[in-house]
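Each remark here refers to the structure printed beneath this line.
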Amino acid sequence: MTDSAEKLPFKLIPTLLAIGIGFIIWFIIPTPEGVSEDAWHLMALFIATIVAIIGKALPIGALAIIAITLVALTGVTAETPKQAMQDALSSFSSPLIWLIGIAIMISRGLIKTGLGSRIAYYFISIVGKKTIGIAYSLAAAELLIAPITPSNTARGGGIIHPIMLSIAKSFHSTPEEGTQNKIGRYLAMVNYHANPITSGMFITATAPNPLVVDLVNKATGSQIHLSWTTWALAMFIPGLLCILVMPLVIYLIYPPEVKQTPDARQYASDNLAKLGVVTSHEKIMLAVFGLMLLLWANIPALIFGDQFAIDATATAFIGLSALLITGVLNWEDVLKEKSAWDTIVWFGALVMMADFLNKLGLITWFSTNIETAIGMTGFSWIGAVAILTLVYLYMHYFFASTTAHVTAMFAAFYAVGLSLGAPPMLYALILAAAGNIMMTLTHYATGTAPVIFNSGYTTLREWWTIGFIMSFVNLVIWIGSGLIWWKLLGFY
């Protein structure tokens, strides 16, 4: 028998662990008082799915298909098989799911046209005399393309990281040569830690952000709606401050051996020369980029009235349609964008399960119990929010997916904070920020992390050390400046 025939299609230990935990919750642990049997059984499926995702028992899309199948077959959401199947597929009609998927497809244009690389090289050609200047160039390029790349992995790992590697190699700073500390380690760390910050600055900068918007909207009965403009306005100043401080903090802790890089500007200029003049497809990509930002920012409605408002998901479809019509992307490009279709499948499954956990009352039950426990401490809502935010953020050590983390925990933690008196908008912004800052922690915290970590420029100890430090620094800066900025904006 060949090795390929003997190899299991799934990871045995994570699979057994997920099945075992689901079995124990479903069959052994009694259904708590105040919780329906269907809600408890759905939670068993949900937790088993999250455990399987964390353990990477199978690709996340495959796990999503299995979860959808189990929800339909067990009938935990409905009395009839037909309705159960409709419930299991209900999230695939959600505009939220398609906004993320379509925007990821659009971001393919940044890579295909070379526009993403051109932007990064342009910044380096201006401020690349010193290593820290290159670091700020990478961060600036990341920030510029963040609003239109909801796959933070595609942005940090697919666009910025190859440029960072090219620069490090041009200085003969590689793990293979044992010279990673010359410049490569520092740039790799900046490459990564710019990613969580920019992800928190725009709804469309990472996949879980629109889910946060949806959960806040449902939790407040549509009283609090975080539009694209509101999110960007609220998060831009705190995020910008974090961007400015982050390269300096890493520079102090893990300084590069090479401080001066006089050849970097020439290197970037040479690469810009190789790219040649801006192509027509790059110009179209820029125009579509600008149009989508205007529509997401609701500028036509502000100028001409609400009748000209365009839905955020419709805007994404407009952008993709424009790229297809002009030939910047073709249908083969769309079909090959596996990450987009994969995201639509697994994100849809997780949103569906979280939605029905809420509808079946489990989130309310869970949040009530947390509320009672915190209430016994005698803390005011300020103390409660501080505790909840720290627990919410640092629980990410147990998650390998920000989407799984947000799906599993945001609704319950948000509900507890509201019940203890936290201002709805303020607390939504705090948890939304924490949900992106938590990406800094580990080498498996989000999809970008393993891409950059596996390049070999940092040790595991270095990664975790700077990850914890940056989580603390970002949290203090983001929340500290946010409290002032959000007060000025009248958000609380």
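Keep in mind it's a predicted model, so treat the numbers as computed, not measured.
Here the CD1-OG1 distance, from I66 to T15, works out to 8.5 Å after rounding to the nearest 0.5 Å. We find the CG-CD1 distance between L187 and I163 to be 12.0 Å, quoted to the nearest 0.5 Å. A distance of 13.0 Å separates CH2 of W346 from CD1 of I68, quoted to the nearest 0.5 Å. Distance check: I310 CD1 to L295 CG gives 4.5 Å after rounding to the nearest 0.5 Å. We find the CG-CZ distance between L420 and F379 to be 11.5 Å, quoted to the nearest 0.5 Å. Here CD1 of I145 is found 8.5 Å from CD1 of I111. Values are rounded to the nearest 0.5 Å.
At most 12 non-hydrogen atoms from other residues, nucleotides or ligands lie less than 6.0 angstrom from CZ of F472. Within 6.0 Å of CD1 on I13 lie no more than 12 heavy atoms contributed by other residues, nucleotides or ligands. Counting heavy-atom neighbours within 6.0 Å of K169 NZ, excluding the residue itself, gives a total of 12 or less. The environment of NZ in K112 is crowded: more than 12 heavy-atom neighbours from other residues, nucleotides or ligands sit within 6.0 Å. No more than 12 heavy-atom neighbours from other residues, nucleotides or ligands sit within 6.0 angstrom of CZ on F366.
Residues that satisfy the side-chain hydrogen bond (donor to acceptor under 3.5 Å, both in side chains) test with N474, not counting sequence neighbours, are absent from this structure. Legend: residues meeting side chain to side chain contact (heavy atoms under 4.5 Å, CB included) with A287, ordered by chain and number and at least two apart, are absent. Residues that satisfy the ring pair (Phe, Tyr, Trp, His ring centres under 6.0 Å) test with Y457, not counting sequence neighbours, are absent from this structure. In this structure, the side chain to side chain contact (heavy atoms under 4.5 Å, CB included) partners of S94, at least two apart in sequence or on a different chain, are L96, I97. Taking S481 as the reference, nothing meets the side-chain hydrogen bond (donor to acceptor under 3.5 Å, both in side chains) condition, with sequence neighbours excluded. Scored by the side-chain hydrogen bond (donor to acceptor under 3.5 Å, both in side chains) test, S199 finds R155 as partners (sequence neighbours excluded). Under the side-chain hydrogen bond (donor to acceptor under 3.5 Å, both in side chains) criterion, K218 pairs with D214, D355, not counting sequence neighbours. Under the side chain to side chain contact (heavy atoms under 4.5 Å, CB included) criterion, S91 pairs with V351, M352, sequence neighbours left out.
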Please lay out, stage by stage, how W485 and L233 fare under the test side chain to side chain contact (heavy atoms under 4.5 Å, CB included). CA-CA 10 Å; W485 178 236; L233 182 63; 4.0 Å; yes
List the steps and the verdict of side chain to side chain contact (heavy atoms under 4.5 Å, CB included) for I65 and V345. CA-CA 8 Å; I65 293 295; V345 171; 3.9 Å; yes
Applying ring pair (Phe, Tyr, Trp, His ring centres under 6.0 Å) to H405 and Y392, what does each step give before you reach the verdict? CA-CA 9 Å; H405 187 151; Y392 179 73; 4.9 Å; yes
Kindly determine whether D333 and L323 satisfy side chain to side chain contact (heavy atoms under 4.5 Å, CB included), including the steps that lead there. CA-CA 11 Å; D333 295 322; L323 295 179; over 6 Å; no
Side chain to side chain contact (heavy atoms under 4.5 Å, CB included) assessment of Y492 paired with M425: CA-CA 7 Å; Y492 72 100; M425 177 64 88; 5.9 Å; no
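The shortest distance between side-chain heavy atoms of M189 and Y254 falls below 4.5 Å. Between F46 and L362 there is no side-chain heavy-atom pair separated by less than 4.5 Å. Residues L211 and T407 meet the side-chain proximity criterion, which asks for heavy atoms closer than 4.5 Å. Two residues are said to be in side-chain contact when any heavy atoms from C-beta on lie closer than 4.5 Å; F410 and P208 fail this criterion.
Between A422 and V385, the shortest heavy-atom distance links the atoms CB-CG2, 3.6 Å. Considering every non-hydrogen atom in both T131 and Y186, the closest pair reads CG2-CD2, 3.6 Å. Closest approach of C242 to I477, counting heavy atoms only: SG-CG2, 3.7 Å. For A445 against H396, the heavy-atom pair with the smallest separation is O-NE2, 2.8 Å. For the pair W231 and A432, the tightest heavy-atom approach, listed with the atom from each and the gap, is CH2-CB, 3.6 Å. When all heavy atoms of L240 and M201 are compared, the closest pair comes out as N-CE, 3.8 Å.
You'll find the ring centres of H161 and Y192 outside the 6.0 Å limit.
In terms of modelled atom types and a separation under 3.5 Å, the side chain of W98 and the main chain of F317 share no donor-acceptor contact. Not one N or O on the side chain of N195 forms a donor-acceptor pair closer than 3.5 Å with the backbone of N191. With T230 contributing its side chain and L226 its backbone, the two residues share no donor-acceptor pair below 3.5 Å. Side-chain atoms of T220 come within 3.5 Å of backbone atoms of I224 as a donor-acceptor pair (strictly under, hydrogens ignored).
Within the structure, salt bridge (charged side-chain N to carboxylate O under 4.0 Å, His left out) contacts touching residues 449-467 (residues at least two apart or in different chains) are R185-E462. For residues 463-472, the side chain to side chain donor-acceptor pair (under 3.5 Å) pairs, not counting sequence neighbours, are Y394-S471, H443-W464. Identified under the side chain to side chain donor-acceptor pair (under 3.5 Å) test for residues 45-58, with sequence neighbours left out: none. Sequence neighbours left out, not one pair with a member in residues 100-128 passes ring-ring contact (aromatic ring centres under 6.0 Å, His included).
Side-chain contact of E142 with T198: a donor-acceptor pair under 3.5 Å is present, judged by distance alone. A donor-acceptor pair shorter than 3.5 Å can be found between the side chains of T446 and N152.
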